[in-house]
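Shown next, in structure tokens, is the structure this report addresses.
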Amino acid sequence: MYKVLYRKWRPAKFSEIIGQEHISKTIKSEVLTGNISHAYLFVGSRGTGKTTTAKILAKALNCLNLQNGEPCCACSVCTGIDSGSILDVLEIDAASSTGVDNIRLLKEDAKFAPTVGKFRIYIIDEAHMLSTGAFNALLKIMEDPPENVVFILATTQVNKVPPTVLSRCQRFDFLRLSSQRLKERIIDVANNENISISEEGAMLIAVLADGGVRDALSLLDVCNSVSGGELIDEETVEKVAALPTGSVCLDLISFVSQKKLEDSLRVIEGCHLKSVDMINLFSVIIKTYRNILLLKLCENIDGLLEIPQKDLRKSQDLAKELTVEEILTNIDVFKAAYSNLAKAANHKMELELCVIKLCCLANPVLDSVDCNLKQWSNILRHLSKINPMLGSTLIGSVAYLKDDVILIDSKSALFLDLVRNNEQAKESLKTAISVVLGKKYRIGPYNKHDFV
């Protein structure tokens, strides 16, 4: 049976884990010295090696022939852990075992001595999904664990793990791999598997994987199947991932900057007919604008850009043509629509509306002001207590909320002078807003004349 690449090339030893050397070195040292923690917390985005490292640690702790802190991967215990037949190592998916009863069973199980190894090891994946009751039950075991029990918690959302549990774990943060490092890994695996791939194709896979080795190798696997043994180039990857090409996004941005609405809409329609995922198209457009902005603002951008060589010249030309204000405005419009896609019935229409705004409206950001800020009177009431003078300048004013900015419509020249030149006044207004709304916002003047 065919074994998928990410499983076939899954590291079996600490030395085979790439990009997490800071973790491998520390854990190997602990294994060698015997200074083992009873609970570990592995934190990081998906595909960065958390569960893989947990299993390698489980093998190292129970290996019958440990070699300089590394599991031998050949003894009966190592091979048993790899195959999942060793009952001393239990992997729990917290996404499906969230309840307190699951942890109570674990607590009873932990009382028994290991059957073949030195330690009973519990790997809890996606630990942040445990219920409050389950966390409390787990905490009871972690407070006074049996000497031969080790817990390894893995999570992508450490903010959801209770502080009481965090304080009892030795924490390791797994890093995303850089696109360059990931590209090298993709090419290395491809060469060993006799898969033909171009540098550009490997880089695009690396960018799409967003620092995760597993996602990168999974995408390489699919691209290899689609290519039928032929060269995997950028076009292959774009087809598999339903991505728009960089040149298409640059064409769209160019047409929008020239206010050529029909040409812009035809680009979107062409992507739609090719079954390009509209969410991906939004994402790539925003990223392309970001690259153009960096080209405009930065002299040395080595390592910051991920632009194919064939698209670099056009990106540089657009960076010269567009102003910083135009780029930031367009990014704001696309980002606002992108953040609402989950609620949108038609993603293509949302993209078309963005283009229409940018091509037809003089100031699309102000034209898309969300709403009159209903809590403004409460904010002014609180402001009058902490800064009466500033509060008096805002009598009769109105405010509007746009994303994370509050735009204030006031006829008072003194108000404008105070918020522009007096840091104390500005901070007191921000404080009043934060107290009432429970969140910090930027502030700015609202100018009705900017509306069309």
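For this chain, numbers begin at 1 and follow the sequence in order.
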Can you confirm whether Glu199 sits close enough to Met203 that some side-chain heavy atom of one is under 4.5 Å from a side-chain heavy atom of the other? no
Heavy-atom donor-acceptor pair, Asn194 side chain to Ala190 backbone, under 3.5 Å: no
Criterion side-chain contact (heavy atoms from CB on, under 4.5 Å) on Ser315 and Asn291, from CA distance to verdict: CA-CA 8 Å; Ser315 299; Asn291 290 337; 5.7 Å; no
Quick one: list whatever passes side-chain contact (heavy atoms from CB on, under 4.5 Å) with Arg7, sequence neighbours left out. Lys3, Val4
Counting distance only, does the side-chain N/O of Asn191 pair as donor-acceptor with the main-chain N or O of Ile187 below 3.5 Å? yes
Side chains of Glu326 and Tyr289: donor-acceptor distance under 3.5 Å anywhere? no
Residues Asp125, Lys50: salt bridge by 4.0 Å N-O rule: no
Do you know which two heavy atoms are closest between Asp173 and His22, and how far apart they sit? O-NE2, 3.0 Å
Criterion side chain to side chain contact (heavy atoms under 4.5 Å, CB included) against Val436, the qualifying member of Asn378, Leu383, Thr431: Asn378
Can you measure from CD (Gln424) to CG (Leu429) and round to the nearest 0.5 angstrom? 12.5 Å
Using the side-chain contact (heavy atoms from CB on, under 4.5 Å) rule, take Lys426 and Asn422 through it: C-alpha gap first, then chi angles, then the decisive distance, then the call. CA-CA 6 Å; Lys426 188 187 299 183; Asn422 189 310; over 6 Å; no
Between Glu30 and Tyr40 the two heavy atoms that sit nearest each other are OE1-OH, 2.7 Å
For Ile18 and Arg181 the tightest heavy-atom approach is CB-NH2, 4.0 Å
Over 60° means perpendicular and under 30° means parallel, so classify the ring planes of Phe282 and Phe334, tilted if in between. perpendicular
If we ignore hydrogens and angles and just use 3.5 Å, is the side chain of Lys259 paired with the main-chain N or O of Leu358 as donor and acceptor? yes
Return yes if a side-chain donor-acceptor contact under 3.5 Å exists between Asp332 and Thr329, otherwise no. no
Would you check if Lys13 and Ser24 make a side-chain contact, meaning some heavy-atom pair closer than 4.5 Å? no
Kindly determine whether Glu200 and Asp233 satisfy side-chain contact (heavy atoms from CB on, under 4.5 Å), including the steps that lead there. CA-CA 6 Å; Glu200 295 76 16; Asp233 55 14; over 6 Å; no
Would you find a donor on one side and an acceptor on the other, under 3.5 Å apart, between the side chain of Asn387 and the backbone of Ser428? no
Between Glu70 and Lys25, is there a salt bridge with N-O shorter than 4.0 Å? no
Looking at Asp82 and Lys59, does any basic side-chain N land under 4.0 Å from a carboxylate oxygen? yes
For the NZ atom of Lys320 and the NZ atom of Lys296, what is their distance to the nearest 0.5 Å? 10.0 Å
Looking at NZ of Lys28 and CD1 of Ile56, how far apart are the two atoms once the value is rounded to the nearest 0.5 Å? 11.0 Å
Identified side chain to side chain contact (heavy atoms under 4.5 Å, CB included) counterpart of Val248 within the set Val267, Ile268, Val284: Val267
Is the shortest side-chain N to carboxylate O distance from Arg185 to Asp188 below 4.0 Å? yes
Are a donor atom and an acceptor atom from the side chains of Glu16 and Trp9 found within less than 3.5 Å of each other? no
Here's a test for you: under side chain to side chain contact (heavy atoms under 4.5 Å, CB included), which of Ile17, Thr52, Leu5 qualifies with Arg10? Thr52
Check Lys239 with Glu235, please: is the shortest side-chain N to carboxylate O separation under 4.0 Å? no
Would you call Arg168 and Leu41 a side-chain contact if the rule is heavy atoms closer than 4.5 Å? no
State which residue, out of Cys223, Ser196, Ser198, fulfils the side chain to side chain contact (heavy atoms under 4.5 Å, CB included) condition with Ile232. Cys223
Less than 4.5 Å apart, side chain to side chain, heavy atoms only: is that true for Asp263 and Asp251? no
Any idea which heavy atoms bring Ile253 and Ile285 closest together, and the distance? CD1-O, 4.2 Å
Which heavy atom of Val165 sits nearest to which heavy atom of Phe135, and what is that distance? CG2-CD2, 3.8 Å
Pro445 side chain near Leu416 side chain, heavy-atom distance below 4.5 Å: yes
Give the minimum heavy-atom separation between His128 and Gln157, together with the two atoms involved. CB-O, 3.4 Å
With side chains defined as the heavy atoms from C-beta onward, is the minimum distance between Tyr441 and Lys430 less than 4.5 Å? no
Looking at Gly49, is its backbone amide N or carbonyl O close enough to the side chain of Thr53 to form a donor-acceptor pair, meaning the two atoms are under 3.5 Å apart? yes
Counting only heavy atoms not in Lys335, do more than 12 fall under 6.0 Å of its NZ? no
With a 4.5 Å heavy-atom cut-off, do Leu390 and Phe415 have their side chains touching? yes
Min side-chain heavy-atom separation Ile197-Ile205 under 4.5 Å: yes
Do Gln258 side-chain atoms and Ser254 backbone N/O form a donor-acceptor pair below 3.5 Å? yes
Is there a donor-acceptor pair under 3.5 Å between the side chain of Gln180 and the backbone N or O of Ser178? no
In sequence, state the C-alpha distance, the side-chain angles, and the governing distance for Leu177 and Thr48, and then conclude on side-chain contact (heavy atoms from CB on, under 4.5 Å). CA-CA 8 Å; Leu177 268 68; Thr48 50; 5.7 Å; no
NZ on Lys385 to CG on Leu380, rounded to 0.5 Å: 12.5 Å
Nearest 0.5 Å, what's the CD1-OH distance between Ile408 and Tyr400? 12.0 Å
May I have the list of side-chain donor-acceptor pairs in residues 209-216 shorter than 3.5 Å, sequence neighbours left out?
unit_1, atom_1, unit_2, atom_2, d
Asp215, OD2, Arg46, NE, 2.8
Asp215, OD2, Arg46, NH2, 3.2

CG/Leu281 to NE2/His272 distance, rounded to the nearest 0.5 angstrom? 12.0 Å
Apply side chain to side chain donor-acceptor pair (under 3.5 Å) to the pair Asp221 and Ser218, showing each step before the final yes or no. CA-CA 5 Å; Asp221 225 339; Ser218 294; over 6 Å; no
